[in-house]
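Worksheet for the structure shown next.
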Amino acid sequence: MPSRYLPLAAIPPGHRAVVCEIRCPPEDHTRLMELGLVAGTVVEVIRFAPLGDPVEIRLRGSTLSLRRHEAGLIWVAPQ
Amino acid sequence: MPPITDKPVAPAQVVLTGNPNCGKTTVFNALTGLRAKVGNYPGVTVERKEGRLLGVAREITMLDLPGTYSLSPNSPDEQIARDVLLQRIAKVPAPDLVVIVVDASNLHRNLYFATQVIELGYRTILALNMVDVATQNGKAVNPRLLSELLEVPVIPLVASQGSGIAELRLEIVRFLDAPRPAHPGFFGDLPPVYLREIASLAELLGGQAAPGAPFNRHAEALLLLGDSRPVKSLVLAQPAPIQDQARAARRRLEEAGLDWGTKPIEARYACIAALCDAVITEMADVRETLSDRLDRVLTHKIWGVLIFLGLMTLMFNSIFILAKLPMEALDAGVNWLGQQVGRMVPPGDLHSLLEQGVFAGVGAVVVFLPQICILFLFIGLLEDTGYMSRAAFIMDRFMSKVGLQGKCFIPLLSSYACAIPGIMATRTIENFRDRLATILIAPLMSCSARLPVYTLLIAACIPDRQLAGWIPLQSLTMLGLYLLGTGAALLVAWLFKSTFLKGPPPLLIMELPPYKRPTLQGVLLHMWQRARMFLHSAGTLILCLNIVLWFLATYPHSAEREQHFAQLRQAVGSGVAPAGVGQAALAARVEREIAELNAQEAAERLQTSFAGRMGRFIEPVLAPLGFDWKIGIGIIASFAAREVFVSTMSTVYSVGNADPSASNRSLVQTLREQIRPDGGRLYTPASGLSLMVFYVFALQCASTVAIVRRETNSWKWPVFQWCYLAVVAWIMAFATYRLLLYLGF
């Protein structure tokens, strides 16, 4: 089992990770979870935008874009 | 609970719902044809789209709800969807049947909302759309098994090609006559203590409603328990005993060690994961889809940005260039029509009202149509192909520096052509504060209506010299004006977002849907719907304002003046030919002199009219900016539309309007010759630039006011916008004038 947790923003493009927890106020994490970012989900970081922000991720067959700030609130275990 | 058999009373109400980007609109258009009615839900600016189901004998109304990710709303659009499904909107009848459209290539996430809706207990049909995309991605979905597991009919579709639509239509009609489904359970295993809380809350809710539950109160209880948002809250909308019970239930669950917010979501996704494992088979291992390959280029650090800039330039130029001919044609057409009507009416006030008030007013509205249509054609293409979200993805960082977001970019860019469609395009921005900020700054992007004013004033006031020997001063001025507007817009946005529009940064999760081939019909339909909306709402206000302005510019009459000019005209007509001038030359000279007399009379009429008096009245306010009362008349008239400034000044200085381009040149000459009371030139670089700067900022467009009123659903914001822009315009013009005077211009 992987032991280190990282924020999703720290995962480089092309790599995958498993969602562990979302550290942010409940009003915000509800929507993130409803879009599929629940514990145990495998997330793949695709790329960062040309200007460095936001970041494009893939999970459960759909592609989302998150700002770095939001990606920093999602703690994952790299695969 | 035994199934309730109730025959629905015609017309039946069928609600269409689903995630954004699942092809719901295509399904709706296929089922209802081109005759959808677009309106608003009471009290909000959310679109209400309804249409009659075609191809069936029975009267069935289809209501297309806004795309929704969850019954826990994150935006006004989603709140409306939830409220319709929970029957909380008085003017919207209860659904007899719900059709949920899901994207087969994105089944996991789509099933989240779908299962929530199925739990509500309506007659439900699942439309499994985009089966072709799933196949392309190497996945096959088993509709029969899915139907078994969800306990609802599942109809596979490829709506963009029309396949499956007939089966869906048949199923809708058949299912409307079927009995209501039995009380569905939840999708996902919730702990017993949770289910107990739901059951007791549901009893409370059921007790409050009319007997014969319209939908599953357990589902509503689940939503209430998990609803953590203070705004758009379902909890706060309930009577006090239910609110107390919900809060107490949450406390008890916390004490039992359960996270009442996350537990239901995790349970649902666990169930969906098992479901998808069963129904989805991988036919081929597709590593990279076509969409992925396109994205490697289109969101590439270098190529992506270049392609984006290229597309934006293309769109921008198209709006300017492609719209020109249709605009001129429409203008000519309306003028011709006005003249035909004018022939039937004897000369006099009614004639003048019709030609200059009504038809000029209609022309002022209709002239926007080509730009609106072209812009919305582009936007429709960008949205339907899926590129729009990539555009927002690329621009987000830049826009967030001033407190905005990526989705604000295209509305602002479009405002360079015309703020009207730009403001209409802000509907895609879900966050109200960001949307409002974008609307409030849109007029600062120098729109195309300012071009005639800039062109005229630059020709009259800026010397035709080169800076440093090769940069033409006149072009530099034009560029400077555009940069001034843009810079001011970004600064004002930053200011607003730091002060009264300040708020917690919204969660800006955006979906990047797979690229799709757009349907021509869908794009054209979308464009037409927007155009119709503009014509209806802005048209009435603009027409009224034009008539008011006509009145201000025509009255009061002066019988004395009319008599005087009639005598002068007669004198010219009966003049004797001097020696050596033939009949033809005489006729030409008479015509010219009469035209000059007419122009002179028009000038005097304007100067003594209400508008003229208003010009004199505001002259003290305009004098510090370097303007006089005649310019004041031009500014007042421009409040209908900016380009009216040119024609108004022509009239004020009684320049004949036989040949438009010739009269423009002669108008420039005339402006250059104007002298102040103290002997100096009126139109100097200082006063000219001051006037141009005034036009950069001032909101002189009745149509914009009308559209902002419509899009914000109140008069508060358009009035605020008009006022702040007027104040800024005055200050900036004053500063420009004084600075240039000081520098010796």
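Keep in mind that this is a model prediction, so the values were computed, not measured. No hydrogens, no waters, no symmetry mates; every other heavy atom, side chains included, goes into these values. Lettering follows sequence order; numbering is per chain, from 1.
Between the side chains of B:D132 and B:T135, no donor N or O sits under 3.5 Å from an acceptor N or O. In the model, B:R82 has no side-chain atom that pairs as donor or acceptor with a side-chain atom of B:T68 under 3.5 Å.
Only the backbone of B:S105 comes within contact range of chain A, judged by heavy atoms closer than 4.5 Å. With a threshold of 4.5 angstrom between heavy atoms, A:I46 does not approach chain B through any atom at all. Neither the backbone nor the side chain of B:R268 comes within contact range of chain A, judged by heavy atoms closer than 4.5 Å. Of the two parts of A:R58, only the side chain, counted from C-beta on, holds a non-hydrogen atom closer than 4.5 Å to a non-hydrogen atom of chain B. For chain A, no part of B:S291 is nearby; none of its heavy atoms comes within less than 4.5 Å.
Each of B:Y69, B:Y269, B:F187 was evaluated against B:Y112; a single residue qualifies, B:Y269, per the ring pair (Phe, Tyr, Trp, His ring centres under 6.0 Å) test.
For B:D259, the CG atom counts as densely surrounded, since its 6.0 Å shell holds more than 12 non-hydrogen atoms of other residues, nucleotides or ligands.
For the set A:A39, A:G52, A:G61, A:A49, the entry with the most heavy-atom pairs within less than 4.5 Å of chain B is A:A49. Heavy-atom pairs under 4.5 Å with chain A were tallied for B:L107, B:D295, B:D103; the largest tally goes to B:D295. When each of B:M395, B:K301, B:R390 is scored by its heavy-atom pairs under 4.5 Å with chain A, the top score falls to B:K301. When each of A:R47, A:H69, A:R68, A:E56 is checked for heavy-atom pairs under 4.5 Å with chain B, A:R47 comes out on top. Chosen from B:K139, B:M510, B:E511, the residue pairing most often with chain A at heavy-atom distances under 4.5 Å is B:M510.
Using a 4.5 Å heavy-atom threshold, the side chains of B:Y194 and B:P264 count as touching. The closest side-chain heavy-atom distance from B:V305 to B:L309 is below 4.5 Å.
When ring centroids are compared, B:F308 and B:F409 come within the 6.0 Å threshold.
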